[in-house]
Amino acid sequence: MLFKYEAKTYQGETKNGTIEASSQSIAVDILQKSDLILLDIVEASDISLATKKLKFFEHIPKKEVFMFSRQLSVLFEAKVPVVESLRTMIDQTRSVAFKEILEKVTKSVNDGNPLSKSFAEHKKVFSDFYISIVKSGELSGNLETVFSYLAESLERDYYLTQKVRGAMIYPAFIIFAMIAVTFVMMIWVIPNLTSVFTESNMELPFLTQIIVNISDVFQEFWWLILFVLVGGATGFWQWVSTENGKMIWGSIQLEIPVFGEILTKFYLARFSDSLSTLIVGGLPIVKSLETSADVVGNYTYKKILRETIDVVKKGGTISSVFRRYKEVPIMVTQMISIGEQAGKLDGTLKTISKFYSKEVESAMDNMVTLIEPLLILVLGTGVGILIVAILMPMYNLTAAI
């Protein structure tokens with residue numbers, strides 16, 4: 001059951017919010033244990049079904065998480081207690097879904113659970129990488145520094161991911177628009193234009209006849225074409241969600257011309273940044289590698305890191321494994337080897353991360369610049385073919401008259 005409450009802190013600050021509990025008495029008990037003076041509490045029965053559905057489907061953006069981490073690190077640095085810091089963040093958070101999660105985290109911490117364990121109860125929002133960093137901060141007693149590293153790492157990953165995603169959206173939108181326009185042209189526009197020529201019993205030029213035949217197929221089997229497109233996209237999405245699909249698609253991604261090189265740099269930047277952050281956070285190297293393998297985002301690199309874990313457990317080095325794989329550039333392997341020998345692996349990984357992040361950003365900017373005229377050329381060619389196919393019979397018909 002959901003309850004609305006109004007309460008005051010011992011400092012006189014008024015707080016309004018909602019709390020989920022099996023009964024009103026339990027809700028009251030939870031609020032009182034949170035050092036709140038309860039003024040009013042009622043069952044939130046007036047919350048509409050539509051609102052509940054919206055909350056159910058509400059997604060917690062990654063930006064919300066790293067902003068939360070950044071602000072929490074500032075509060076910890078100011079020596080504000082953990083529970084009070086979390087309550088402050090609840091008041092500042094705009095997302096209803098994230099606010100409810102933070103309320104549950106605060107309650108868990110207030111009940112005596114470690115912060116990392118409280119975050120671990122919400123793994124859809126707080127990843128294993130996040131939880132591992134927080135746990136290391138608890139063990140070292142240096143949460144403010146750890147949260148600062150964590151926020152910086154999440155921020156870098158967020159903006160790098162947005163850069164890659166943003167560059168992909170434009171061509172994806174153009175391709176979708178081309179498919180939509182093709183359907184409209186072939187099903188409605190072309191038949192109306194060519195009906196004039198077919199009624200005059202004139203012989204259509206070869207190019208026009210091809211367009212007309214394609215249009216006939218679209219009119220007759222548009223539902224089948226649409227089914228194949230939607231079914232193919234759905235089937236592909238389900239396939240890449242399987243273990244075998246992830247493995248095969250992970251390899252294919254890195255072999256795609258132009259895009260494969262960019263994605264390779266992106267995954268190297270993400271891996272090196274996460275591993276560096278984990279090591280600086282105080283995690284053992286094996287645990288750091290395990291967590292990095294889970295967050296790298298590509299099955300090929302995950303497989304390489306899993307093999308690295310086995311070798312490191314036996315006393316081997318990371319560079320000795322990386323040398324075996326062409327997916328890891330020689331420069332990366334050499335730099336990691338130097339970092340291992342000098343005992344400065346975290347600094348070396350940070351350098352690698354910065355280098356490849358800049359490489360990805362530069363490649364994305366160049367790709368967007370080049371892909372725009374290329375798409376215009378493709379669109380212009382397609383429109384030109386259609387215009388020629390339509391104008392040729394019109395010219396012949398005019399000449400015959």
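- In summary, K63 and E155 do not engage in a salt bridge, as defined by a charged side-chain N under 4.0 Å from a carboxylate O.
- At a cut-off of 3.5 Å, with distance as the only test, a side-chain donor of T317 or S320 sits close to an acceptor on the other residue.
- Ion pairing between a basic and an acidic side chain is recognised when a charged N comes within 4.0 Å of a carboxylate O; K99 and D91 show no such pairing.
- More than 12 heavy atoms of other residues, nucleotides or ligands lie within 6.0 Å of CZ in F266, so this atom counts as buried by the packing criterion.
- A tilted orientation is assigned to the rings of Y301 and Y267, their planes being inclined by 30° to 60°.
- Across every non-hydrogen atom of S148 and R70, the tightest pair is O-NH1, 4.4 Å.
- Applying the ring-ring contact (aromatic ring centres under 6.0 Å, His included) test to pairs two or more places apart or on separate chains, none has a residue in residues 325-383.
- A salt bridge links D111 with K107: the distance from a Lys NZ or Arg NE/NH1/NH2 to an Asp or Glu carboxylate oxygen falls below 4.0 Å.
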Item to check | Steps toward ring pair (Phe, Tyr, Trp, His ring centres under 6.0 Å) verdict (F183, W188) | outcome: CA-CA 8 Å; F183 263 86; W188 289 289; 8.8 Å; no
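- Summarising the local packing, CH2 of W222 is surrounded by 12 or fewer heavy atoms from other residues, nucleotides or ligands at distances under 6.0 Å.
- A search for side chain to side chain contact (heavy atoms under 4.5 Å, CB included) contacts involving S362 returns N366, not counting sequence neighbours.
- Residue F227 qualifies as open at atom CZ: its count of foreign heavy atoms under 6.0 Å is 12 or below.
- Around the CD atom of E77, the shell of radius 6.0 Å holds no more than 12 heavy atoms that belong to other residues, nucleotides or ligands.
- The aromatic rings of F66 and Y158 are tilted relative to each other, their planes meeting at an angle between 30° and 60°.
- For E121, there are no side-chain hydrogen bond (donor to acceptor under 3.5 Å, both in side chains) partners, not counting sequence neighbours.
- Partner of W249 under the ring-ring contact (aromatic ring centres under 6.0 Å, His included) criterion, chosen from Y299, F236, W237: F236.
- Residue E261 places its CD atom among 12 or fewer non-hydrogen atoms of other residues, nucleotides or ligands, all under 6.0 Å distant.
- Separation of atoms OG (S353) and CG (L160) is listed at 8.0 Å; rounding is to 0.5 Å.
- When only modelled atom types and interatomic distance are considered, S108 and N113 share a side-chain donor-acceptor pair under 3.5 Å.
- Here the closest heavy-atom approach between residue L115 and residue L143 is recorded as CD2-CD1, 4.4 Å.
- Proximity of E327 to I304: side-chain heavy atoms (C-beta onward) are separated by under 4.5 Å at one or more points.
- Ion pairing of D128 with K135 is absent here, as no side-chain N (NZ or NE/NH1/NH2) approaches a carboxylate O to less than 4.0 Å.
- Enclosure of atom CG in L377 by more than 12 non-hydrogen atoms of other residues, nucleotides or ligands within 6.0 angstrom is indicated.
- Legend: residues meeting salt bridge (Lys or Arg N to Asp or Glu O under 4.0 Å) with K326, ordered by chain and number and at least two apart, are E255.
- Checked against side chain to side chain contact (heavy atoms under 4.5 Å, CB included), I175 has the following partners two or more places apart in sequence or in another chain: I179.
- Ion pairing of R87 with E103 is absent here, as no side-chain N (NZ or NE/NH1/NH2) approaches a carboxylate O to less than 4.0 Å.
- A salt bridge does not link E361 with K163: none of the charged nitrogens is closer than 4.0 Å to a carboxylate oxygen.
- When all heavy atoms of L278 and F129 are compared, the pair lying nearest together is CG-CE1, 3.7 Å.
- Y130 meets the ring-ring contact (aromatic ring centres under 6.0 Å, His included) test with F119, F126; sequence neighbours excluded.
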